[in-house]
Amino acid sequence: MTRPIVAIVGRPNVGKSTLLNRLAGRRIAVVADLPGTTRDRVFAFVSWQGRDLTVVDTGGWQTKPSTSLEQKVRQQVEAAIAQADIIIFLVDARDGAIASDEEIADILRSADKPVVLAINKVDSVRQADQVTDFYQLGMGEPRGISAHHNRGIEELMDAVLASLPARSISAAEPDGAKLAIVGRPNVGKSTLLNALLNDERAVVHESPGTTRDSLDAMVRWNNKDILLVDTAGIKRRGRVDAGIDYYSLLRSLQAINRCDVALLLIDAGEFMTAQDMHVAGYVIEAGKGLLLVVNKWDLVPQMQRQEFQRNLESRFRFGSYVPFMYVSAQRRQGISKVLPQAWEIWQERQKRVPQAALEEVVKEALSSHPPPRAGSRRLRIDRAYQDETQPATFVLEVNDPRLVHFSYQRYLENKLRQSFAFRGVPLKLVFTRAARRRTKRIEVIA
């Protein structure tokens, strides 16, 4: 099921990033914990009461932008509003309802999107009594919260979930593999889509049960149905020049949410940019399969190709399990290998491993390299099993999850990949506290 997009909108310094961090359960608005990347963050994948959401942090809304940077931030906020399924309108209890809040309220009303009004920094009884003053904004019931002190967050999110459109059967995605072509503007997404459609003689149709302004394509390949999710850039009227990079990123995020495997397209002429790394990070964090497709490969001189490949592999070392492809969508070079490779990754994402084999791999990993001690204590793994609904997720029951060091988690992941591959698929290791009484353990005492 597609994750709805929840945009946090408001003036500067009302606590939008603090709320994003609170909902995500960790500090991510500045940097991510993905190895090999350090980036400004504006998204968080959040699960609340069993509902998966994508929460978007936006820049501070300026009533009258005085610099080009402030104008760009405003355009990005407009793009986020246009793409959101629901909006959290965040204001500051200490300032009261001021003119800037009223301007944002007018814009949100014209957007015709569900809005939940949140009054942040309600840290005292006096401020709680002032929450009712915000009814004057005409945005429905104001909800007092403190993102910093974790007050009122549950009530806020209950209101968000209640305001989301009901999930209907007709809006369900079709069965079979779903591939999304994602990437920055002008890297050749439309050209690649057209090349795949032409080669496979596919029928293009509007995706049923959706309100997205895009066309999806069903490809019949090797007697298998594959849905291509188009993110190539059918832009809403009036949005072509407003925050185009940010708008493209939001569209890519929507496609990532829907797909099983993302084809991340980069331009060989521009190498790999920070924006490309951002999108790759979102794919990995969402747990989707990833295939890196380097387009316009024909424009790279033969003598520079080997160096290009080495540099790309070094820059993308945090995703060493991701396969690379080098194509020219314009000339249709290498295109015939795209769908077979993507299908292989889709199959890897569905893979089930025998329980006995999994336990043997974990036991061997513990024997070869026991977990380091933390004081007088050492990590003990009592049980390991594959999640029933998410095959790329492995659950490990341990004596204390706090003893799991990141480096040892990466070591275990590498051991699982050496034995079971999962090529192109990010693995998720979940460490939970084991029941106190368990007779059978896979612990190895060093």
Notebook entry, point to check: Who passes side chain to side chain donor-acceptor pair (under 3.5 Å) against Gln355, sequence neighbours left out?
Noted result: Glu359
Notebook entry, point to check: Where do Val77 and Gly59 come nearest, in terms of heavy atoms and distance?
Noted result: CG2-O, 3.3 Å
Check: Is the backbone of Arg423 close enough, under 3.5 Å, to the side chain of Arg417 for a donor and an acceptor to pair up by distance?
Finding: no
Notebook entry, point to check: What pairs with Phe324 under ring-ring contact (aromatic ring centres under 6.0 Å, His included), at least two apart in sequence or on another chain?
Noted result: Phe316
Margin query: Keeping Asn21 on the side-chain end and Ser17 on the backbone end, is there a donor-acceptor pair under 3.5 Å?
Written below: yes
Notebook entry, point to check: Which of these, Ile88, Leu137, Ile87, sits in a side-chain contact (heavy atoms from CB on, under 4.5 Å) with Leu117?
Noted result: Leu137
Margin query: With a 3.5 Å distance limit and no angle check, can you tell me whether Arg317 reaches the backbone of Ser314 through a side-chain donor-acceptor pair?
Written below: yes
Notebook entry, point to check: Within a strict 4.5 Å, meaning less than it, do heavy atoms of the Leu396 and Leu429 side chains meet?
Noted result: yes
Checklist line | Sub-4.5 Å side-chain heavy-atom contact between Ile335 and Leu192 | finding: yes
Next item on the list: Please name the pair of heavy atoms, one in Ile345 and one in Gly424, separated by the smallest distance, quoted to 0.1 Å.
Entry: CG2-O, 3.7 Å
Checklist line | Donor-acceptor pair between Thr273 and Asp276 side chains, under 3.5 angstrom | finding: yes
Check: Hey, are Arg220 and Asp225 close enough for a salt bridge, meaning a charged N less than 4.0 Å from a carboxylate O?
Finding: yes
Margin query: Can a donor-acceptor pair be found, under 3.5 Å and without considering hydrogens, that links the side chain of Ser367 to the backbone of Lys363?
Written below: no
Note to self: Are Val56 and Ile5 packed together at the side-chain level, in the sense that at least one heavy-atom pair is separated by less than 4.5 angstrom?
What the structure shows: yes
Margin query: Is there a side-chain contact between Leu291 and Leu264 in this structure, where contact means two heavy atoms from C-beta onward sitting under 4.5 Å apart?
Written below: no
Check: If you measure from the Lys or Arg side-chain nitrogens to the Asp or Glu carboxylate oxygens, is any gap between Asp260 and Lys178 under 4.0 Å?
Finding: yes
Next item on the list: Go through the structure and list residues passing side chain to side chain donor-acceptor pair (under 3.5 Å) with Ser47, not counting sequence neighbours.
Entry: Asp52
Item checked: From Trp48 atom CH2 to Leu53 atom CG, the distance as rounded to the nearest 0.5 Å -> 10.0 Å
Notebook entry, point to check: Quick check: are there more than 12 heavy atoms from other residues, nucleotides or ligands sitting under 6.0 Å from CZ of Arg402?
Noted result: no
Notebook entry, point to check: Hey, are Arg410 and Glu413 close enough for a salt bridge, meaning a charged N less than 4.0 Å from a carboxylate O?
Noted result: yes
Check: Sequence neighbours excluded, which residues qualify as side chain to side chain donor-acceptor pair (under 3.5 Å) partners of Asp101?
Finding: Arg11
Margin query: Taking Thr389's backbone N and O only, do any of them form a donor-acceptor pair with Asp387's side chain (distance below 3.5 Å, no angle check)?
Written below: yes
Notebook entry, point to check: Would you call Glu348-Lys351 a salt bridge at under 4.0 Å N-O?
Noted result: yes
Margin query: Taking Val353's backbone N and O only, do any of them form a donor-acceptor pair with Gln386's side chain (distance below 3.5 Å, no angle check)?
Written below: yes
Check: Arg378 and Pro370: which non-hydrogen atoms are nearest, and at how many Å?
Finding: NH1-CB, 4.0 Å
Note to self: Taking atom CG as the centre, does Asn186 end up with more than 12 heavy-atom neighbours from other residues, nucleotides or ligands that are less than 6.0 angstrom away?
What the structure shows: no
Margin query: Within this structure, what is the CD1-CG distance for the pair Ile381 and Asn399, rounded to the nearest 0.5 Å?
Written below: 9.0 Å
Margin query: Tell me the closest heavy-atom pair linking Asn295 and Ala329, and the distance in Å.
Written below: OD1-N, 2.9 Å
Note to self: Could you measure the distance from the CG atom of Leu263 to the CG atom of Leu228? Nearest 0.5 Å is fine.
What the structure shows: 7.5 Å
Checklist line | Within-4.5 Å side-chain heavy-atom neighbours: Gln130 and Ile119 | finding: no
Notebook entry, point to check: Is Ile226 close to Leu179 at the side-chain level, that is, under 4.5 Å between some pair of heavy atoms?
Noted result: yes
Notebook entry, point to check: NZ of Lys337: more than 12 outside heavy atoms within 6.0 angstrom?
Noted result: no
Checklist line | Gln409 (side chain) donor-acceptor with His405 (main chain) under 3.5 angstrom | finding: no
Margin query: Tell me if a side-chain donor or acceptor on Lys288 pairs with a main-chain N or O of Ile256 at a distance below 3.5 Å.
Written below: yes
Mind listing the side-chain donor-acceptor pairs of residues 149-161 below 3.5 Å, one per line with the distance, residues two or more places apart or on another chain?
{"residue": "Arg151", "atom": "NH1", "partner": "Asp123", "partner atom": "O", "Å": "3.4"}
{"residue": "Asp158", "atom": "OD1", "partner": "Gln49", "partner atom": "NE2", "Å": "2.8"}

Item checked: Sidechain-backbone polar pair: Tyr411 side chain, Pro371 backbone, donor-acceptor under 3.5 Å -> no
Check: Which pair of heavy atoms, one from Ser163 and one from Val116, lies closest together, and at what distance?
Finding: OG-CG2, 3.9 Å
Margin query: Does the plane of the ring in Trp297 sit parallel, tilted or perpendicular to the ring in Tyr326? Use 30° and 60° as the thresholds.
Written below: tilted
Margin query: Within the structure provided, determine whether Asn120 and Leu19 are in side-chain contact (heavy-atom separation under 4.5 Å).
Written below: no
Margin query: Does any part of the side chain of Val14, heavy atoms only, come nearer than 4.5 Å to the side chain of Val91, both counted from C-beta?
Written below: no
Next item on the list: Please list, chain by chain and in numerical order, all residues satisfying ring-ring contact (aromatic ring centres under 6.0 Å, His included) with Phe431, sequence neighbours excluded.
Entry: none
Margin query: Does the plane of the ring in Phe420 sit parallel, tilted or perpendicular to the ring in Phe394? Use 30° and 60° as the thresholds.
Written below: parallel
Margin query: I'd like to know if the side chain of Lys428 and the backbone of Gly287 have a donor-acceptor N/O pair within less than 3.5 Å.
Written below: no
